Amino acid sequence: MREPPILDAQSIRADFPILQRRVGDKPLIYFDNAATTHKPRQVLRTIETFYTTYNANVHRSPHTLGLEATELYEQAHENVARFIGAADAREIVFVRNSTEAINLVAYSLLSGENERLRLQEGDQVVVTVMEHHSDLVPWQRVCAQAGATLKVIDIRDDGTLDMEQLSAALTERTRLVCCAHGSNVLGTINPVQEIGRLAHQAGALFLVDGAQSVPHMPVDVKQIGCDFLAFSGHKMLAPMDIGVLYGKRELLQEMSPFLYGGEMVADVTLTGATWKEPPWKFEAGTANVCGGIALGGATDLRTGQHLEGAVDYLERISMAQVRAHERALTRHALQGLRDMERVRVYGPLDADRRGGILAFAVEGSDAHLVAHLLNDEGIAVRAGGLCAYPLADRLGVAGTVRASFYIYNTEDEVDRFLEVLEDIVRCRLL
Amino acid sequence: MYSHEVLEHFLHPRHVGTIEDPSGFGQAGGGERCPDDLAYIWIRVADGRIVEIRHKTLGCPVAIAASSVTCEMALGKTLAEALAITPEAVIAALGGVPERKANSTVAPKALRAAIMQALDRNGQAEQQDASTD
Ligand SMILES: Cc1ncc(COP(=O)(O)O)c(C=O)c1O
């Protein structure tokens with residue numbers, strides 16, 4: 001028997017015009033949400049309103065449009081701060097995406113003017129084998145340049161992080177621990193609170209890659225106790241090219257900028273410059289102002305109504321409900337996949353310990369081919385190394401097929417996916 | 001994702017089969033990331049040109065499509081020209097391959113081995129011809 005639905009997916013679906021699309025003659029079933037999500041009408045309307053009513057550069061143009069755009073942009077920072085439980089908007093840096101957020105921290109630590117916040121020869125940075133390339137490659141580069149060592153923590157057979165190995169790896173030379181909150185392959189939700197406690201005990205900073213958690217579950221930076229949190233707007237209903245770095249205020253205050261130029265400076269002479277206060281000292285050049293407002297939302301100053309951002313849309317549903325909905329879909333899909341011959345699912349088999357991401361392989365077959373056959377039926381999934389090649393190597397698999405869910409997916413879609421996959425596995429592959 | 005060309009050659013591979021009594025035969029296996037890919041190639045050479053070519057290939061769609069395209073590219077070429085067919089050229093002809101799939105284009109290696117065998121045999125034949133003189 002079916003559980004009653006947790007979200008009113010049908011009314012949510014009505015907000016997403018793209019879901020009406022067909023692929024060939026098939027209705028679209030979009031299960032590639034870990035790569036990027038679709039945008040609701042409310043957010044699209046905010047984008048339109050920005051460009052039809054408020055478009056101007058921020059923090060520089062002394063005219064009505066410039067002042068209003070600045071006000072909206074700053075409000076968006078405040079709303080994002082509230083969404084993740086940050087103490088204030090000065091802890092919220094708008095960047096392009098998670099990748100840039102992590103590079104910001106990495107390069108700031110590499111070139112830090114402040115000794116306390118500069119990676120030194122012999123220091124250690126700790127990451128995990130389940131990191132996305134975005135939270136691995138910057139550390140490889142920066143460690144190589146600083147003469148620091150990069151320690152990679154393994155997973156256990158069930159796809160969870162080896163906490164004992166992590167605990168044993170931390171030394172007084174560990175400067176930073178970086179970890180995905182949710183794995184984009186295994187789906188594993190890592191115990192970030194505990195990891196943060198261990199990191200801080202060792203005197204290290206703690207960076208959380210929240211690209212796959214912030215869009216999908218309640219995330220509170222104070223509760224986690226992390227020093228940095230990176231996430232991407234496009235994976236949570238906002239447009240592409242807007243992302244967030246949360247950083248503890250004291251740290252952002254002391255850290256060196258990552259990019260230099262206009263907007264981020266307090267004063268400049270021919271021989272040098274001083275920086276603005278955070279977050280602006282980390283937002284060099286013209287920002288994606290519209291993207292920031294579409295992510296955080298702001299008040300429409302001319303009508304007094306709210307210009308809804310992605311964060312508002314999600315808060316209206318409530319992140320607890322988002323999580324519950326995805327967990328139900330995941331549990332249902334997991335059950336179906338586990339019953340299927342030749343299909344192997346990676347990551348924890350308990351839906352309580354994983355997000356709405358299911359990577360699987362079909363024994364003796366090719367991941368890209370399975371994705372193609374699913375696409376023929378209108379089902380959009382990802383295939384391959386999933387931007388985590390070392391993890392694929394660790395799992396001993398050339399590539400996986402990944403289905404990932406969001407608020408507008410339904411149990412009917414999961415059923416259709418399982419039915420098509422079963423047919424592919426049974427009849428259409430050798 | 002697979003390009004149109006990869007899918008087309010994978011679903012309808014050209015030049016599949018074997019050649020009885022070939023001028024040369026070669027085989028090659030996958031590299032580090034695709035140990036299961038395996039291509040066998042047979043060629044018949046006349047007047048220094050490949051006049052017939054066949055392959056049998058086991059492996060992923062890229063391996064199979066690469067063999068098909070390699071055979072198409074090699075047919076009618078001189079041995080020297082065919083030796084110059086690189087995996088990169090095959091990948092370009094396939095319209096690109098997905099991440100980490102470049103190693104699955106094993107056919108050019110098998111072709112090279114077949115050509116070397118043909119040259120070798122030809123050399124031996126010439127030597128034999130010379131010694132019987
Ligand atoms: C866990 C994780 N980290 C980082 C990223 C990088 O995100 P972006 O491409 O938006 O920078 C992704 C995106 O796939 C991800 O899944």
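All values below were derived from every heavy atom in this structure, side-chain atoms included, with hydrogens, water molecules and symmetry-related copies excluded. For clarity, every value in this text was computed on a predicted model and none was experimentally measured. Note on naming: letters A, B, ... go to the chains in the order of the sequence lines (proteins, then strands), and numbering restarts at 1 for each one.
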Is it true that atom CZ of A:Arg156 has more than 12 heavy atoms of other residues, nucleotides or ligands lying nearer than 6.0 Å? yes
A:Ala383 and B:Glu99 have their tightest heavy-atom pair at O-OE2, 3.5 Å
According to salt bridge (charged side-chain N to carboxylate O under 4.0 Å, His left out), who are the partners of B:Lys101, at least two apart in sequence or on a separate chain? A:Asp366
Sub-4.5 Å heavy-atom contacts with chain A: which residues of residues 79-90 of chain B show up? none
Parallel, tilted or perpendicular, as decided by the 30° and 60° cut-offs, for the rings of B:Tyr2 and A:His372: parallel
Select one option (side chain, backbone, both, neither) describing which atoms of A:Ala392 are under 4.5 Å from chain B's heavy atoms. side chain
More than 12 heavy atoms from other groups under 6.0 Å of CE on B:Met116: no
Just distance, no hydrogens or angles: give the donor-acceptor pairs under 3.5 Å from side chains in residues 12-20 of chain B, sequence neighbours left out.
residue: B:Arg14; atom: NE; partner: B:Glu72; partner atom: OE2; Å: 3.4
residue: B:Arg14; atom: NH1; partner: B:Glu8; partner atom: OE2; Å: 3.4
residue: B:Arg14; atom: NH1; partner: B:His12; partner atom: O; Å: 2.8

CZ of A:Arg141: more than 12 outside heavy atoms within 6.0 angstrom? no
Got a sec: does the CZ of A:Arg338 have more than 12 other heavy atoms crowding it under 6.0 Å? no
Verify side chain to side chain contact (heavy atoms under 4.5 Å, CB included) between A:His368 and B:Leu7, making sure each step is shown before the conclusion. CA-CA 11 Å; A:His368 284 278; B:Leu7 279 182; over 6 Å; no
Strictly less than 4.5 Å between heavy atoms, which residues of residues 45-63 of chain B line up against chain A? Please order them by number. B:Cys60, B:Pro61
